**Q** 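The structure that follows is given in the form of structure tokens.
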Amino acid sequence: MGEKLCLAARWAIPVVGEPIHDAVVVIDNGVIEGVYARPQFNSIYKNQQIARAEDYKEAVIMPGLINLHSHLDYSALRAFATDEPFFQWIEGLVKRSRDWTSEKWLQSALYGARLAAFTGTSTVVDSSYSGQAAKALAQVGLRGVVGLEIFGLCDAESDATWSNWLSRFEALNETDFAPLREALDKQTITLTVSPHAPYTVCPSLWLKAATWAKKFNLPVMAHLAESIEECQWLAQSNDIVHEFLSFSMRTDTDSEKLKPRWAGRGLTPVKHLKNYGLLNEWLIAAHAVHTDSEDLSTLYEHNVKIAHCPRSNARLKNGLAPYSKMLEHGITVGLGTDSLASNDDLNLIAEAQFALNAHRIGSATGEQNEDEHHFPTARQLVEAMTMEAAIALKMDHLIGSLQAGKRADIAVFALPPTPLSDDEKESLCPYNLLVSGGARLRDLIVDGQFVVSEGKLSRN
Ligand SMILES: [Zn+2]
């Protein structure tokens with residue numbers, strides 16, 4: 001007792017259940033004790049000691065945001081090659097970062113982790129080439145699920161590639177970097193595997209990754225059906241992907257390694273993974289832009305989760321994913337920013353704002369993936385970046401909503417000043433206020449600790 005913290009504001013959005021006006025959230029030793037309307041709070045807590053109370057007044061208190069797809073490693077490449085076609089852009093990215101030292105990767109990831117914290121993200125689900133993203137998240141004090149990336153096209157080399165990956169994983173898992181050591185021990189950071197994409201990882205290697213992850217109940221993060229070129233290469237052939245692979249695998253363009261037996265069989269990326277038994281409840285597939293109804297039914301049947309990344313898809317000219325259709329199929333979909341190398345920032349509220357508008361353009365023109373006449377609401381997008389993402393991670397018993405018993409991962413967004421009266425303010429929809437109303441982060445609490453307080457990071 002005596003450890004209780006009370007946060008009050010005009011609105012609380014618990015996500016599960018309806019928004020609460022004039023709300024108080026009580027936290028006790030890192031755990032949410034309850035979310036109340038003020039009169040209810042006053043009657044329950046009238047005789048109790050409160051260690052710290054914050055009244056944010058014109059603000060929204062909500063669960064910390066969950067970024068379901070990012071690469072903090074590439075944060076230093078902000079505004080990188082914004083006009084390049086997708087595969088030229090990836091090639092440029094690889095060339096620019098290939099010789100970075102561990103320290104450079106860490107500094108890049110730290111820059112991204114800080115930006116994520118400053119915009120209310122409490123959990124980052126990251127595919128990390130270097131593994132340094134895990135250290136960065138731990139240092140800033142965020143929760144994280146970090147997949148160490150794996151690549152390998154050649155079936156004959158799968159055993160060697162896998163054992164090499166396992167040693168890299170073990171080294172990271174046994175780190176003596178103090179913040180990460182502590183975060184791994186208290187399980188605020190989880191390490192897992194991230195097979196890059198169907199055009200860079202052969203089925204036998206992917207199967208090793210998926211089998212290993214399943215054994216430890218760990219999510220698997222991958223890119224899926226991101227570009228038309230990927231779909232064409234898998235179904236038949238595509239020269240652009242072929243060129244890219246010859247560059248990234250540092251091998252001859254005529255090599256058989258670049259024309260594997262399992263490609264060119266007329267399958268979509270989704271059907272290809274299904275064929276090899278690689279779709280399951282642990283897979284979090286980023287993008288899924290080029291997916292038809294059959295693909296979406298297949299993803300739903302296998303309980304695959306999707307990270308929707310509309311701004312990255314727009315920047316790289318890959319199209320607009322059929323978000324409403326995914327929801328109609330019953331798929332769990334979260335939001336991801338992808339990396340700063342393909343997005344303006346790592347701000348999930350801005351991602352939601354963009355999604356809201358982009359899907360409305362799509363619904364009016366009917367041009368994008370037949371997603372006409374359906375568009376998401378602000379509430380759906382708030383759910384996507386909180387509870388749905390928590391479900392995707394199988395962490396919904398811990399995070400994703402403001403509910404008694406969950407870990408205290410909480411973001412407080414200040415609402416801009418307005419000439420409206422109190423009654424008029426009360427009549428506004430808090431979901432719309434949050435996504436479209438100019439809300440700005442004030443404080444961020446992760447696992448009961450203030451990570452951002454009054455615009456400053458508590459740790460470095
Ligand atoms: Zn990505």
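Here the structure is a predicted model, which is why all the values come from computation and not from measurement.
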**Q** How close do Asp409 and Asp447 get, counting heavy atoms only, and between which atoms?
**A**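 Nearest pair, atom of Asp409 first, then Asp447: OD1-N, 2.7 Å.
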
**Q** If you measure from OH on Tyr74 to OG on Ser339, what distance do you get to the nearest 0.5 Å?
**A** 8.0 Å

**Q** How long is the span from the CG atom in Leu172 to the OG atom in Ser128, to the nearest 0.5 Å?
**A** 8.0 Å

**Q** Heavy-atom distance under 4.5 Å between the side chains of Lys4 and Val26, does that happen here?
**A**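 Sidechains of Val26 and Lys4: in contact.
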
**Q** Report yes or no: is the cationic atom of Arg78 (NZ for Lys, CZ for Arg) under 6.0 Å from the centre of the six-membered ring of Tyr111, at an angle within 45° of the ring normal?
**A** no

**Q** Using the side-chain contact (heavy atoms from CB on, under 4.5 Å) rule, take Ile399 and Lys406 through it: C-alpha gap first, then chi angles, then the decisive distance, then the call.
**A** CA-CA 6 Å; Ile399 56 172; Lys406 286 202 181 182; 5.7 Å; no

**Q** One pair to check against side chain to side chain donor-acceptor pair (under 3.5 Å): Ser401 and Gln403. What are the steps and the verdict?
**A** CA-CA 6 Å; Ser401 62; Gln403 284 179 287; 2.6 Å; yes

**Q** Just checking, Lys394 and Trp282: is the charged tip under 6.0 Å from the six-membered ring centre and within 45° of the axis?
**A**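 Ring-cation test returns yes.
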
**Q** Stepwise, does the side-chain contact (heavy atoms from CB on, under 4.5 Å) test hold for Leu153 with Thr200?
**A** CA-CA 6 Å; Leu153 260 193; Thr200 52; 5.5 Å; no

**Q** Just verifying a value: how many Å separate Thr188 OG1 and Arg407 CZ, rounded to the nearest 0.5 Å?
**A**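 Spacing of OG1 (Thr188) from CZ (Arg407) equals 9.5 Å.
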
**Q** What I'd like to find out is whether the side chain of Ile284 reaches to under 4.5 Å of the side chain of Leu68, using heavy atoms alone.
**A** yes

**Q** Heavy atoms only: give me the nearest Ile331-Leu296 pair and the separation to one decimal.
**A** CD1-O, 3.5 Å

**Q** Should we count CD of Gln449 as having more than 12 external heavy atoms under 6.0 Å?
**A**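 Open.
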
**Q** Do His302 side-chain atoms and Thr298 backbone N/O form a donor-acceptor pair below 3.5 Å?
**A**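 Yes, His302 side chain to Thr298 backbone: donor-acceptor pair under 3.5 Å.
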
**Q** Is there a side-chain contact between Val146 and Leu137 in this structure, where contact means two heavy atoms from C-beta onward sitting under 4.5 Å apart?
**A**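 Side-chain contact under 4.5 Å: yes.
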
**Q** Taking atom types as modelled and ignoring hydrogens, do the side chains of Asn343 and Glu351 form a donor-acceptor contact shorter than 3.5 angstrom?
**A** yes

**Q** Would Lys104 count as a cation-pi partner of Trp100, with NZ or CZ less than 6.0 Å from the six-membered ring centre and within 45° of the ring normal?
**A**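 Relative to the ring axis of Trp100, which defines the angle, Lys104 lies inside both limits.
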
**Q** Please determine whether the number of non-hydrogen atoms from other residues, nucleotides or ligands lying under 6.0 Å from atom CZ of Arg181 exceeds 12.
**A**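 Enclosed.
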
**Q** Is any side-chain heavy atom of Leu205 closer than 4.5 Å to one of Cys202?
**A** yes

**Q** Using the rule side-chain hydrogen bond (donor to acceptor under 3.5 Å, both in side chains), only one of Thr121, Asp126, Thr337, Asn347 pairs with Asn67; which is it?
**A** Thr337

**Q** Test Lys135 against Thr175 for side chain to side chain donor-acceptor pair (under 3.5 Å), laying out the working first.
**A** CA-CA 9 Å; Lys135 293 184 185 171; Thr175 182; 4.6 Å; no

**Q** Could you tell me if the side chain of Lys208 sits less than 4.5 Å from the side chain of Ser158, heavy atoms only?
**A**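 With C-beta onward as the side chain, the pair touches.
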
**Q** Do the side chain of Ser312 and the main chain of Cys309 share a donor and acceptor less than 3.5 angstrom apart?
**A**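 No; zero donor-acceptor contacts below 3.5 Å.
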
**Q** Salt bridge between Lys274 and Glu301, side-chain N to carboxylate O under 4.0 Å?
**A**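 Looking at Lys274 and Glu301, the cut-off is not met.
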
**Q** What is the distance from atom OG of Ser127 to atom NE2 of His69, rounded to the nearest 0.5 Å?
**A**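 NE2 of His69 is found 5.5 Å from OG of Ser127.
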
**Q** Could you report the tightest heavy-atom contact between Leu381 and Ala352, atom names first, then the distance?
**A** CD1-O, 3.4 Å

**Q** Does the pair Asp338/Arg311 count as a salt bridge with the N-to-O cut at 4.0 Å?
**A** no

**Q** Does the ring centre of His242 sit less than 6.0 Å away from the ring centre of Trp233?
**A** no

**Q** More than 12 heavy atoms of other residues, nucleotides or ligands under 6.0 Å from CG of Asp239: is that the case?
**A**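 No.
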
**Q** Just checking Glu281: does its CD atom have more than 12 heavy atoms from other residues, nucleotides or ligands closer to it than 6.0 angstrom?
**A** yes

**Q** Just checking His287 against His308, ring centres under 6.0 Å apart?
**A** no

**Q** Do the side chains of Asp155 and Arg261 get close enough for a salt bridge, i.e. N-O under 4.0 angstrom?
**A**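 Counted as a salt bridge, because a side-chain N and a carboxylate O are separated by less than 4.0 Å.
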
**Q** Taking the side chain as every heavy atom from C-beta outward, state whether Leu320 and Val289 have any pair of such atoms under 4.5 Å apart.
**A**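 Contact flag for Leu320/Val289 side chains = no.
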
**Q** Assess the residue pair Phe87 and Tyr199 against the criterion (ring pair (Phe, Tyr, Trp, His ring centres under 6.0 Å)); give the C-alpha distance rounded to whole Å, side-chain angles, the decisive distance to 0.1 Å, and a yes or no.
**A** CA-CA 12 Å; Phe87 280 91; Tyr199 61 94; 5.5 Å; yes

**Q** Quick one: do Leu283 and Leu278 satisfy side-chain contact (heavy atoms from CB on, under 4.5 Å)? Show the steps, please.
**A** CA-CA 8 Å; Leu283 179 61; Leu278 300 172; over 6 Å; no

**Q** Has the side chain of Glu230 got a donor or acceptor atom that lies under 3.5 Å from a matching backbone atom of Ala225?
**A** yes

**Q** Salt bridge check, Glu54 against Arg52: does any charged N sit closer than 4.0 Å to a carboxylate O?
**A**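 A salt bridge links Arg52 with Glu54.
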
**Q** Are any non-hydrogen side-chain atoms of Gln380 and Leu327 less than 4.5 angstrom apart?
**A** yes

**Q** Could you please spell out the steps behind the side-chain contact (heavy atoms from CB on, under 4.5 Å) verdict for Leu340 and Leu77?
**A** CA-CA 7 Å; Leu340 259 187; Leu77 296 178; over 6 Å; no

**Q** Decide whether a cation-pi geometry holds between Lys95 and Phe247; the criteria are a distance under 6.0 Å from NZ or CZ to the six-membered ring centre and an angle within 45° of the ring axis.
**A** yes

**Q** Check whether more than 12 heavy atoms from other residues, nucleotides or ligands sit under 6.0 Å from atom CZ of Arg440, and answer yes or no.
**A**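 No, CZ of Arg440 has 12 or fewer neighbouring heavy atoms, counting only those of other groups under 6.0 Å.
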
**Q** Short question: side chain of Lys186, backbone of Leu184 - any donor-acceptor pair under 3.5 Å?
**A**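 No, Lys186 side chain to Leu184 backbone: no donor-acceptor pair under 3.5 Å.
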
**Q** Rounded to the nearest 0.5 Å, what separates atom NZ in Lys317 from atom CD1 in Ile228?
**A**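 If I round to the nearest 0.5 Å, the distance is 14.5 Å.
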
**Q** Taking all heavy atoms of His223 and all of Pro198, pick out the closest pair and write down the distance.
**A** O-CD, 3.2 Å

**Q** Take a 6.0 Å sphere around CD of Gln236 and say whether it holds more than 12 heavy atoms from other residues, nucleotides or ligands.
**A**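 No.
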
**Q** Near Glu170 CD, under 6.0 Å, is it more than 12 heavy atoms from other residues, nucleotides or ligands?
**A**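 Yes - once you tally the heavy atoms of other residues, nucleotides and ligands closer than 6.0 Å, there are more than 12.
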
**Q** Decide yes or no on ring pair (Phe, Tyr, Trp, His ring centres under 6.0 Å) for Tyr323 and His359, but give the supporting numbers first.
**A** CA-CA 8 Å; Tyr323 177 61; His359 288 290; 5.6 Å; yes

**Q** Taking Asn318 for the side chain and Ser227 for the main chain, is one N or O donor matched with an acceptor at less than 3.5 Å?
**A**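 Not confirmed, Asn318 side chain does not pair with Ser227 backbone.
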
**Q** Counting only heavy atoms from other residues, nucleotides and ligands, does the tally under 6.0 Å from OH of Tyr56 exceed 12?
**A** yes

**Q** Students often mix this up, so state it plainly: with edges at 30° and 60°, are the rings of Phe169 and Trp212 parallel, tilted or perpendicular?
**A** perpendicular

**Q** What are the two closest non-hydrogen atoms of Pro269 and Leu234, and how far apart are they?
**A** CA-CD1, 3.5 Å

**Q** Quick one: closest heavy-atom pair of Val145 and Met221, and the distance?
**A** O-CE, 3.6 Å

**Q** State the OH-CG distance between Tyr276 and Leu267, to the nearest 0.5 angstrom.
**A** 8.5 Å

**Q** Does the ring centre of Trp105 sit less than 6.0 Å away from the ring centre of Tyr129?
**A** yes

**Q** Is the closest side-chain heavy-atom distance between Ile61 and Ile13 below 4.5 Å?
**A** no

